[in-house]
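Right, one structure below, let's go through it.
What you are looking at is a predicted structure, and each value in this text was computed from that prediction instead of being measured.
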Amino acid sequence: MPDASKQITQQPVSWKEPKNPRKKTDGPWKDALEDFLEQFMDLFFPNWSKKINWGKKPKALTPDFPDQFATEISDRIFEVELLNGEKEIIFLHLEIQGQKLKELPYRMMSYNFATHKKHSKPVVSIAIALDKNLVCSTGLFEQIHPFKNEPYLQFWYDMIKIWSYKGREEELKKKDNIFALIVLAQLAIMGDKNDQELRKHNKTALFRELFTRGIERKTIRKLHKIIDWLIPLDPKHMIAFQEEIQQTAQTENWPGWDPVYVNTFEQVGIIKGREEGRHEGESSLLAKLLKRRFPREFNAEHLHLLEGADSNTLSMWAENFVDAKNIDEVFATTCLANS
């Protein structure tokens with residue numbers, strides 16, 4: 001299989017990564033698990049997945065246990081129903097680990113026991129290790145008896161080592177499972193040394209996979225956002241990526257091509273407007289995006305705020321817009337009633 005990293009001959013472009021890599025990697029993975037839990041289980045635990053009643057939507061549970069662990073939380077816990085006569089319920093404990101954590105085995109054991117205590121149901125604990133340089137674990141927590149010098153308590157949990165799929169990208173592409181695309185997106189930034197040209201190349205290849213598989217539009221939107229989040233680009237390469245993708249999409253007539261959330265393509269519009277000093281274009285673009293995303297909430301008062309804001313304020317609102325769940329979060333630092 002050709003080595004994609006050898007196809008790029010340019011030197012890596014320097015760009016400062018966000019300061020919080022755990023938050024950056026955890027976020028899209030948590031969304032991916034919540035949106036595509038069935039595909040995740042099909043890919044990594046196909047035999048287990050066959051025993052789950054996917055006709056009943058998994059229920060995401062609140063994962064914190066403040067009485068036992070103060071502010072500590074596990075990443076995702078789901079309630080699923082099995083395909084047996086008694087409709088037995090189990091809980092899938094998914095721990096996404098993107099940084100080195102020596103206490104991971106103890107943490108996995110603690111959350112497993114706490115979940116069992118809280119719900120009185122069997123608990124399946126799964127750790128997802130994103131990078132071998134950050135996490136190394138045998139999937140075992142054990143206590144050694146101080147006098148007998150032998151284990152008296154052992155807890156085993158399952159571990160998925162995403163980095164072990166490095167070099168198996170072609171194998172993943174052939175799988176009829178959309179979660180494989182998410183794994184490919186994670187692999188695309190592993191060991192790339194922040195080479196922006198290589199990232200752009202890999203991201204373009206992934207978007208081609210995404211839009212040529214005949215996936216329904218609703219699913220495309222979710223995958224599109226996750227992949228865009230997992231493979232960040234600096235402004236220069238973001239613009240180049242946008243132009244290349246849009247041209248390819250039109251030339252190849254990609255089905256379902258219609259970015260509908262604030263992603264690379266809409267961020268590029270804001271960046272271009274700011275760089276060219278078009279204040280009116282900046283506010284107009286943000287107004288258009290707000291109308292598109294929050295059609296029932298956007299009103300004349302919001303438009304008035306946009307028209308009267310300076311470039312720095314518009315830039316701040318544009319950044320808020322990326323992760324905002326409602327229009328109030330976009331204008332979080334502004335009191336509409338007093339404007």
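- Counting only distance, with no hydrogens or angles, the side chain of Trp54 and the backbone of Val80 share no donor-acceptor pair below 3.5 Å.
- For the atom pair CG (Asn84) and CG (Asn53), the distance works out to 9.5 Å, reported to the nearest 0.5 Å.
- Annotation: salt bridge (charged side-chain N to carboxylate O under 4.0 Å, His left out) contacts of Lys200 (sequence neighbours excluded): Glu197, Glu244.
- Contact record, Asn202 with Ala188: ND2-O, 3.6 Å, taken as the closest heavy-atom pair.
- Judged by distance alone, with hydrogens and angles left aside, the side-chain atoms of Lys166 form a donor-acceptor pair with the main-chain N or O of Leu187 at under 3.5 Å.
- Within the structure, the salt bridge (Lys or Arg N to Asp or Glu O under 4.0 Å) test picks out the following pairs touching residues 45-58 (sequence neighbours left out): Lys56-Glu81.
- Nearest heavy-atom pair, Gln196 versus Leu233, reported as atom, atom and distance to 0.1 Å: OE1-CA, 3.2 Å.
- The structure places CD of Glu169 at 12.5 Å from NZ of Lys174, a figure rounded to the nearest 0.5 Å.
- Of the inter-residue distances, the one linking Asp35 atom CG with Lys222 atom NZ reads 4.5 Å to the nearest 0.5 angstrom.
- A cation-pi arrangement, defined by a distance under 6.0 Å to the six-membered ring centre and an angle within 45 degrees of its axis, is present between Lys203 and Phe241.
- Proximity of a side-chain donor or acceptor of Arg76 to a complementary backbone N or O of Glu34 within less than 3.5 Å is not detected.
- Ile160 has its side chain out of reach of Asp158: every pair of non-hydrogen atoms, C-beta onward, lies at least 4.5 Å apart.
- When side chains are defined from C-beta on, Leu92 does not count as touching Trp48, because their heavy atoms never get closer than 4.5 Å.
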Derivation of the side-chain hydrogen bond (donor to acceptor under 3.5 Å, both in side chains) call for Ser125 and Trp156: CA-CA 9 Å; Ser125 292; Trp156 293 90; over 6 Å; no

Audit row: Phe155, Phe141, ring-ring contact (aromatic ring centres under 6.0 Å, His included) steps and yes/no: CA-CA 5 Å; Phe155 168 75; Phe141 170 82; 7.6 Å; no

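- Pairing each heavy atom of Ile226 with each of Asp31, the nearest pair is CD1-C, 4.3 Å.
- One N or O on the side chain of Asn326 and one on the backbone of Glu329 form a donor-acceptor pair closer than 3.5 Å.
- Two residues are said to be in side-chain contact when any heavy atoms from C-beta on lie closer than 4.5 Å; Thr219 and Phe36 meet this criterion.
- In this structure, NZ on Lys117 lies 12.0 Å from OG1 on Thr115, to the nearest 0.5 angstrom.
- Distance check, rounded to the nearest 0.5 Å: NE2 of His224 to CH2 of Trp229 gives 14.5 Å.
- Summarising the local packing, CD of Gln247 is surrounded by 12 or fewer heavy atoms from other residues, nucleotides or ligands at distances under 6.0 Å.
- Distance check: Ile128 CD1 to Lys30 NZ gives 11.0 Å after rounding to the nearest 0.5 Å.
- When the side chains of ILVMFWY residues are joined at heavy-atom separations under 4.5 Å, either directly or via intervening members, Tyr106 and Met159 end up in a single hydrophobic cluster.
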Stepwise side chain to side chain contact (heavy atoms under 4.5 Å, CB included) test for Glu216 and Ile220: CA-CA 6 Å; Glu216 62 178 9; Ile220 282 180; over 6 Å; no

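- When only modelled atom types and interatomic distance are considered, Asn299 and Glu297 share no side-chain donor-acceptor pair under 3.5 Å.
- For the pair Trp29/Gln186, a side-chain contact is recorded, criterion being any heavy-atom separation below 4.5 Å from C-beta on.
- Counting non-hydrogen atoms of neighbouring residues, nucleotides and ligands closer than 6.0 angstrom, the CG atom of Asn149 reaches no more than 12 such neighbours.
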CA sep, side-chain torsions, deciding dist, call: Ile126, Phe45, side chain to side chain contact (heavy atoms under 4.5 Å, CB included): CA-CA 11 Å; Ile126 304 170; Phe45 303 99; 3.6 Å; yes

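- Taking hydrophobic clusters as Ile, Leu, Val, Met, Phe, Trp and Tyr residues chained together by side-chain heavy-atom distances below 4.5 Å, Leu153 shares a cluster with Met108.
- Tyr157 has its side chain within reach of Pro105: a pair of non-hydrogen atoms, C-beta onward, lies under 4.5 Å apart.
- Two residues are said to be in side-chain contact when any heavy atoms from C-beta on lie closer than 4.5 Å; Phe78 and Val124 fail this criterion.
- For the pair Tyr152/Lys148, no side-chain contact is recorded, criterion being any heavy-atom separation below 4.5 Å from C-beta on.
- Judged by distance alone, with hydrogens and angles left aside, the side-chain atoms of His145 form no donor-acceptor pair with the main-chain N or O of Pro151 at under 3.5 Å.
- Using a 4.5 Å heavy-atom threshold, the side chains of Phe40 and Leu33 count as touching.
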Worked verdict on Leu130 versus Trp163 for side chain to side chain contact (heavy atoms under 4.5 Å, CB included): CA-CA 6 Å; Leu130 300 182; Trp163 50 266; over 6 Å; no

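- The nearest pair of heavy atoms linking Ala180 to Leu172 is CB-O, 3.6 Å.
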Evaluation steps, side chain to side chain contact (heavy atoms under 4.5 Å, CB included), between Trp317 and Leu306: CA-CA 9 Å; Trp317 289 343; Leu306 292 171; 3.7 Å; yes

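- When all heavy atoms are compared, the tightest approach of Ala32 to Ile182 is CB-CD1, 3.6 Å.
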Donor-acceptor contacts, no H, no angles, side chain residues 206-213, under 3.5 Å, sequence neighbours left out:
| from | atom 1 | to | atom 2 | distance (Å) |
| --- | --- | --- | --- | --- |
| Arg208 | NH2 | Glu252 | OE2 | 3.4 |
| Glu209 | OE1 | Arg213 | NE | 3.2 |
| Glu209 | OE1 | Arg213 | NH2 | 3.2 |
| Thr212 | OG1 | Arg208 | O | 2.5 |
| Arg213 | NH1 | Lys175 | O | 3.3 |
| Arg213 | NH2 | Lys173 | O | 2.8 |

